[in-house]
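Everything below concerns the one structure shown next.
Remember, it's 1-based here, ligands and their atoms both numbered in the order they're listed. Positions are given from 1 along the sequence.
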Amino acid sequence: MSTILARMKRPLSGLKHLVRHAMVALAYRLHGVGILSLVAARRLVRLTERHTIDTSSDRFVMELPGLQRRIRQELLRQRREYDSYAYFHGYPYQALAILDVFGERGTEERFDAYDLARLIGRDDYVLDIGCNCGFMALYAAFRTGCRADGIDINPHMIRIGQHCTEFLRLQDRVHLMAQPFQDFAPGQPYTVVLSFATHWTDDRNYRVRLQDHLLRIHGMMVDGGLLVFESHSTDVGNPQFYAALEEMRAHFTWEGPRPMARSTRELYLMRRIAA
Ligand SMILES: C[S@@+](CC[C@H](N)C(=O)[O-])C[C@H]1O[C@@H](n2cnc3c(N)ncnc32)[C@H](O)[C@@H]1O
């Protein structure tokens with residue numbers, strides 16, 4: 001009986017995936033139409049207020065279609081050339097509302113929910129591991145004035161992040177690099193490290209023990225530095241995950257986790273203890 005049920009479930013979950021895929025593709029199209037509407041509205045404002053608006057500097061809406069075109073081209077290149085992207089139906093895992101970039105998880109919303117404006121200051125030097133488009137690093141620099149590096153194995157997501165960095169003219173403070181975290185050797189220790197949903201990855205390009213992941217990060221931080229660590233949803237309630245974390249008590253201090261994303265994930269604020 002259970003085998004019959006399992007067989008019936010398989011085509012159903014395939015169908016669910018197809019429907020979701022179609023809905024996300026539709027959302028992406030609607031999003032594109034939304035940007036064209038923004039530009040049309042701005043054109044009307046420019047027309048009525050042409051005695052005050054300097055059209056040479058009025059670029060934040062008018063240049064959005066160009067940015068979207070570069071992102072679209074990068075997503076097409078990714079589809080052709082990169083076979084291990086496993087997130088959000090081929091679209092960015094991260095969204096960035098300030099530049100109208102389409103994606104799954106809202107950067108600004110997470111930045112506020114994780115209280116990062118209070119935790120990061122302009123003197124900080126931030127590393128974002130497995131940063132996807134690097135929007136969290138970019139937005140941290142935008143909001144707080146800090147310097148930030150982001151690394152991700154996927155060159156296409158990194159290029160999307162670089163286009164956005166250039167759009168915001170933050171290249172002097174934000175550096176996004178396409179490389180595996182396993183090979184990363186920073187020139188300088190960081191005061192803040194972000195490890196969000198990335199201590200192992202769905203695309204299987206990063207599978208290490210949680211303890212080894214945290215020890216590597218420990219080696220890249222200043223004493224007293226802050227690690228902001230977000231779990232996966234499958235970690236929540238998993239005794240092995242908590243046992244592995246407990247082994248790190250000699251290297252980091254932290255208090256209980258904060259539930260996030262409607263309690264499907266946990267956030268840990270961990271302070272580095274001197275080696
Ligand atoms: C679930 S996403 C998390 C993205 C981001 N940290 C966030 O929470 O918004 C995992 C990311 O890890 C990246 N990744 C996978 N293996 C990696 C590796 N070995 N080194 C660096 N990044 C990797 C993927 O390309 C993907 O962008």
- Are Tyr190 and Val192 connected, step by step, through hydrophobic side chains (Ile, Leu, Val, Met, Phe, Trp, Tyr) whose heavy atoms are closer than 4.5 Å? no
- Pull out every atom of ligand 1 sitting under 4.0 Å from any heavy atom of Asn132, numbered as shown with elements. 4 (C), 27 (O)
- Non-hydrogen atom of Met157 closer than 4.0 Å to ligand 1: no
- Item | Heteroatom distance test (Pro180, ligand 1): nitrogen or oxygen, under 3.5 angstrom | no
- Message: Which of the numbered atoms in ligand 1 are under 4.0 angstrom from any heavy atom belonging to Thr201?
- Response: 12 (O), 14 (N), 15 (C), 16 (N)
- Under 3.5 Å between some N or O of ligand 1 and some N or O of Asn205? yes
- Can an N or O of Phe181 be found at a distance shorter than 3.5 Å from an N or O of ligand 1? yes
- Query: For Tyr242 and Asp235, what are the C-alpha separation, side-chain angles and deciding distance, and is it a side chain to side chain donor-acceptor pair (under 3.5 Å)?
  - Reply: CA-CA 8 Å; Tyr242 299 117; Asp235 298 324; over 6 Å; no
- Query: Cation-pi between Arg59 and Phe167: NZ/CZ under 6.0 Å from ring centre and within 45° of the ring axis?
  - Reply: yes
- Message: Can you tell me which portion of Asp152 lies within the under-4.0 Å heavy-atom range of ligand 1? Options are side chain, backbone, both, or neither.
- Response: both
- Item | Which segment of Met136 sits under 4.0 Å of ligand 1 when only heavy atoms are counted | neither
- To which protein heavy atom is atom 8 (O) of ligand 1 closest, and what is the distance rounded to 0.1 Å? Arg110 NH2, 2.8 Å
- Item | For atom 3 (C) of ligand 1, the option (of Tyr82, Tyr93, Phe88) bearing the nearest heavy atom | Tyr93
- Query: Do the charged groups of Arg143 and Glu108 touch, with an N to O distance under 4.0 Å?
  - Reply: no
- What is the ring orientation for Phe252 with His218, classed by angle as parallel under 30°, tilted 30 to 60°, or perpendicular over 60°? perpendicular
- Task: Answer yes or no: is there a donor N or O on one side and an acceptor on the other, between the side chain of Asp152 and the main chain of Asn132, under 3.5 Å?
- Result: yes
- Message: Are Leu194 and Leu119 connected into the same hydrophobic cluster when the rule is that any two of I, L, V, M, F, W, Y join if their side-chain heavy atoms are below 4.5 Å apart?
- Response: yes
- Tell me, please, whether Tyr82 has Arg77 positioned over its six-membered ring: NZ or CZ under 6.0 Å from the ring centre and within 45 degrees of its axis? no
- Task: Could you tell me whether Gln94 and ligand 1 have an N or O pair separated by under 3.5 Å?
- Result: yes
- Ion pair Arg70/Glu166, N-O distance below 4.0 Å: no
- Query: Does ligand 1 have an atom that lies less than 4.0 angstrom from a heavy atom of His232?
  - Reply: no
- Among protein heavy atoms, which sits nearest to atom 10 (C) of ligand 1, and what does the distance come to when rounded to 0.1 Å? Tyr87 OH, 3.6 Å
- Cation-pi check, Arg249 to Trp254: give yes when NZ or CZ is under 6.0 Å from the six-membered ring centre and within 45° of the ring axis, no otherwise. yes
- Is it the side chain, the backbone, both or neither of Thr198 that has a heavy atom closer than 4.0 Å to ligand 1? side chain
- In the protein, what heavy atom is nearest to atom 5 (C) of ligand 1, and what distance, to one decimal place, separates them? Gly130 O, 3.2 Å
- Just jot down the ligand 1 atoms closer than 4.0 angstrom to any heavy atom of Gln182, in number order. 18 (C), 19 (N), 20 (N)
- Task: Tell me, with the steps shown, if His213 and Tyr206 meet side chain to side chain donor-acceptor pair (under 3.5 Å).
- Result: CA-CA 10 Å; His213 178 69; Tyr206 190 61; 2.8 Å; yes
- Which of the atoms of ligand 1 are close to Asp203, meaning less than 4.0 Å from one of its heavy atoms? 15 (C), 16 (N), 24 (C), 25 (O)
- Task: Using distance alone, decide if ligand 1 has a nitrogen or oxygen within less than 3.5 Å of any nitrogen or oxygen in Tyr85.
- Result: no
- Out of Cys131, Ala197, Cys133, who gets a non-hydrogen atom closest to atom 1 (C) of ligand 1? Ala197
- Task: Specify the protein heavy atom at minimum distance from atom 22 (N) of ligand 1: its residue, its atom name, and the distance to 0.1 Å.
- Result: Ile153 N, 3.2 Å
- Within 6.0 angstrom of Arg69 CZ, more than 12 heavy atoms from elsewhere: no
